[in-house]
Amino acid sequence: MLTRSGEKDRSEIRQDFISDYDGLADEWWDPRGALAPLSWIARARAEFVPFARNERAALLDIACGGGLFGPHAAAKGYRVVGVDLSEMSLREALRHGFDEVVRADVARLPFEDESFDVVTAGQCLEHVPDPYAVVAEACRVLRPGGTLIVDTIADTRMARLVSITLAENLPLPGRPPRGTHDHRLFVNRERLTRAARENGVELELLGLRPRMREMARFAAGRIDEVTMVRTKSTSVLYLGVGSKK
Ligand SMILES: C[S@@+](CC[C@H](N)C(=O)[O-])C[C@H]1O[C@@H](n2cnc3c(N)ncnc32)[C@H](O)[C@@H]1O
């Protein structure tokens, strides 16, 4: 089905992959496993999280998976809450810095308006049928003055080449299983910033990429973690950060 704007209806695209994440639960914390790059990105995301202003400050991690962001958020002084649909992943999150986890769809967050000081959505928007509605939900539960941080994959040909053709096929450690990404779900940068703006958050976008020298050393088995560096180009992996009016 096509929508009125001529785009493919994203709701038709495969959405049953949550069971894949249940099956990958043992991989979350393996530094050379299929989900390894997510931990590099979590570290980069953490740099944008301000320190908690008081001991009641709470951070919501949308689609928290196995909790890779938990230690970073806890180190900044937050009570850390996670939402995900993968039961097995949520169990892992509870073992890694999360104070509370809730099994729910990120499209309908089971929280009151303005209840979190920081909301993060890392590597999740490119897996949902309506990422712009998820951003609106994230803004709804964020308190005024609070910080929103999202990172995802751009809807560009370059992103398809890098994130699917290369990342899912080159025989390297940290390779995600084939089919992890569907390019039709990749996220339009203008629509994302508009959705945030319409819900009170002006997002600033920047790109992220792995440091190439370290990638080579990681591939050779000499190091277990790769630094993500900031780039001007947002055409592959990008991060948006902003505070709510
Ligand atoms: C690529 S992982 C990212 C996990 C985590 N944010 C991180 O960066 O390590 C995507 C996560 O989104 C979750 N997910 C996908 N669609 C979801 C939905 N509609 N509601 C809740 N969780 C969802 C999956 O279960 C999975 O844990």
Side-chain angles (χ1 to χ4, degrees), residues 10-11 13-31 33-49 59-74 80-98 101-111 118-138 141 148-153 159 163-164 167-168 174-187 208 210 225-226 228 237-240:
R10 299 166 62 106
S11 63
I13 300 169
R14 177 176 179 249
Q15 299 295 326
D16 61 342
F17 64 90
I18 299 299
S19 54
D20 296 352
Y21 283 100
D22 276 335
L24 286 169
D26 290 343
E27 301 267 343
W28 284 110
W29 289 88
D30 178 351
L35 303 173
L38 292 176
S39 68
W40 316 338
I41 300 169
R43 184 174 294 281
R45 185 183 312 127
E47 290 174 19
F48 296 89
V49 177
L59 179 149
L60 175 66
D61 191 21
I62 288 179
C64 63
L68 297 175
F69 199 55
H72 300 291
V80 190
V81 180
V83 173
D84 204 287
L85 276 174
S86 162
E87 183 90 46
M88 303 295 281
S89 300
L90 287 174
R91 282 187 208 170
E92 278 299 307
L94 271 183
R95 297 175 51 220
H96 292 94
F98 278 75
V101 296
V102 181
R103 188 170 183 277
D105 188 335
V106 294
R108 285 178 296 279
L109 295 173
F111 303 106
V118 177
V119 178
T120 53
Q123 301 304 295
C124 128
L125 298 177
E126 70 277 17
H127 292 290
V128 296
D130 189 348
Y132 316 107
V134 173
V135 168
E137 269 294 88
V141 301
L148 174 68
I149 304 166
V150 298
D151 51 86
T152 185
I153 302 177
S163 306
I164 299 179
E168 293 187 8
R175 180 181 65 178
R178 289 211 177 103
T180 297
H181 290 119
D182 184 322
H183 72 92
R184 293 169 295 179
L185 292 174
F186 287 176
V187 179
L208 290 174
E225 176 146 6
V226 174
M228 299 298 293
L237 176 63
Y238 68 101
L239 179 145

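These values consider heavy atoms only, across backbone and side chains, with no hydrogens, waters or symmetry-generated copies. Whatever order the structure lists ligands and atoms in, that order sets their numbers, starting from 1.
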Task: Contact check: Ser89 vs ligand 1, nitrogen or oxygen atoms, below 3.5 angstrom - done: no
Open item on the list: Does any N or O of ligand 1 fall below 3.5 Å from an N or O anywhere on Val106, backbone included?
Closed with: yes
Open item on the list: Heavy atoms only: which of Asp84, Leu35, Val83 lies closest to atom 13 (C) of ligand 1?
Closed with: Asp84
- [ ] Please determine if Ala63 has a nitrogen or oxygen closer than 3.5 Å to a nitrogen or oxygen of ligand 1.
- [x] yes
TODO: Please verify whether a non-hydrogen atom of Arg45 lies at under 4.0 Å from ligand 1.
DONE: yes
Open item on the list: Is there a polar contact between ligand 1 and Gly122, counting only N or O atoms under 3.5 Å apart?
Closed with: yes
Open item on the list: Tell me whether Trp28 reaches ligand 1 (any heavy atom closer than 4.0 angstrom to a ligand atom).
Closed with: yes
Open item on the list: So, taking the atom named CG in Leu185 and the one named CD1 in Ile153, what distance separates them when rounded to the nearest 0.5 Å?
Closed with: 10.0 Å
TODO: Before signing off on this row, confirm whether Asp105 and ligand 1 have an N or O atom pair separated by under 3.5 Å.
DONE: yes
TODO: Please identify each residue that fulfils ring pair (Phe, Tyr, Trp, His ring centres under 6.0 Å) with His183, with sequence neighbours left out.
DONE: none
Open item on the list: Show, in sequence, the C-alpha distance, side-chain angles and deciding distance for Ile62 and Val83, and conclude whether the side-chain contact (heavy atoms from CB on, under 4.5 Å) test is met.
Closed with: CA-CA 5 Å; Ile62 288 179; Val83 173; 5.5 Å; no
Open item on the list: Once you restrict to heavy atoms under 4.0 Å, what part of Ala107 touches ligand 1? Side chain, backbone, both or neither.
Closed with: neither
Open item on the list: Suppose I only count heavy atoms of Cys64 and a 4.0 Å limit; which atoms of ligand 1 are within that range?
Closed with: 5 (C)
Open item on the list: Is the contact between Leu68 and ligand 1 made by the side chain, the backbone, both, or neither, using heavy atoms and a 4.0 Å cut-off?
Closed with: side chain
Open item on the list: Within the 4.0 Å heavy-atom shell around Ser86, which atoms of ligand 1 are there?
Closed with: 25 (O)
Open item on the list: Heavy atoms only, cut-off 4.0 Å: how does Ser39 contact ligand 1, side chain, backbone, both, or neither?
Closed with: neither
Open item on the list: So Ile164 and Phe186, do their side chains get closer than 4.5 Å, heavy atoms only?
Closed with: yes
Task: With Arg95 via salt bridge (Lys or Arg N to Asp or Glu O under 4.0 Å) - residues at least two apart - done: Glu92
Open item on the list: With a cutoff of 4.0 Å, is Gly66 in contact with ligand 1, counting heavy atoms of the residue only?
Closed with: no
